[in-house]
Amino acid sequence: MTDDELLLEMDYTGYAMSCRDPYLTNDADLVLCRRQSGHDDTHATRDGAVVLVWPADIP
């Protein structure tokens with residue numbers, strides 16, 4: 001999935017329907033996945049106009 005497709009998915013996924021898998025960035029910021037709940041590939045969230053992506057298999 002491209003960054004543009006991820007941004008579009010996040011734009012149209014309400015918070016109540018989002019995955020919200022937590023992730024701690026290299027800067028120690030906690031972010032939550034904003035993709036549609038139930039996805040089975042990478043997690044992602046917005047970081048301004050860009051996408052922050054992390055693997056689904058991080059413990």
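What's counted below: heavy atoms across the whole structure, side chains too, no hydrogens, waters or symmetry copies.
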Quiz prompt | Residue list, side-chain contact (heavy atoms from CB on, under 4.5 Å) with Asp41, at least two apart or on another chain | solution =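 Arg35, His39.
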Self-check item: pair Tyr23-Thr45: side-chain heavy atoms closer than 4.5 Å
Solution: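 Contact flag for Tyr23/Thr45 side chains = no.
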Quiz item: Between atom CG of Leu8 and atom CG of Asp3, what is the distance when rounded to the nearest 0.5 Å?
Solution: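 If I round to the nearest 0.5 Å, the distance is 12.5 Å.
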Quiz prompt | Results of side-chain contact (heavy atoms from CB on, under 4.5 Å) for Asp27 - residues two or more places apart only | solution =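 By the side-chain contact (heavy atoms from CB on, under 4.5 Å) rule, Asp27 matches Thr25, Asp29.
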Self-check item: Backbone of Glu9 reached by a side-chain donor or acceptor of Gln36 within 3.5 Å
Solution: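 Absent.
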Practice problem: Please identify each residue that fulfils salt bridge (Lys or Arg N to Asp or Glu O under 4.0 Å) with Arg46, with sequence neighbours left out. | Solution: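 Here the qualifying residues are Asp11.
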Quiz item: Taking atom OG1 of Thr42 and atom CG of Asp21, what is their separation to the nearest 0.5 Å?
Solution: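 The distance works out to 11.0 Å.
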Quiz item: Going by side-chain heavy atoms closer than 4.5 Å, which hydrophobic residues are tied to Leu32, directly or by a chain of links?
Solution: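 ILVMFWY cluster around Leu32 also holds Tyr15.
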Quiz item: Which hydrophobic side chains are connected to Leu6, either touching it within the sub-4.5 Å cutoff or through other members that do?
Solution: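 Listed partners: Met1, Leu7, Met10, Val51, Val53.
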Practice problem: Might you point out which heavy atoms bring Arg34 and Gly14 nearest each other, and give the distance in Å? | Solution: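 Minimum heavy-atom contact is NH2-C, 3.6 Å.
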Quiz item: Which heavy atom of His43 sits nearest a heavy atom of Cys33, and at what distance?
Solution: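 That would be ND1-SG, 3.5 Å.
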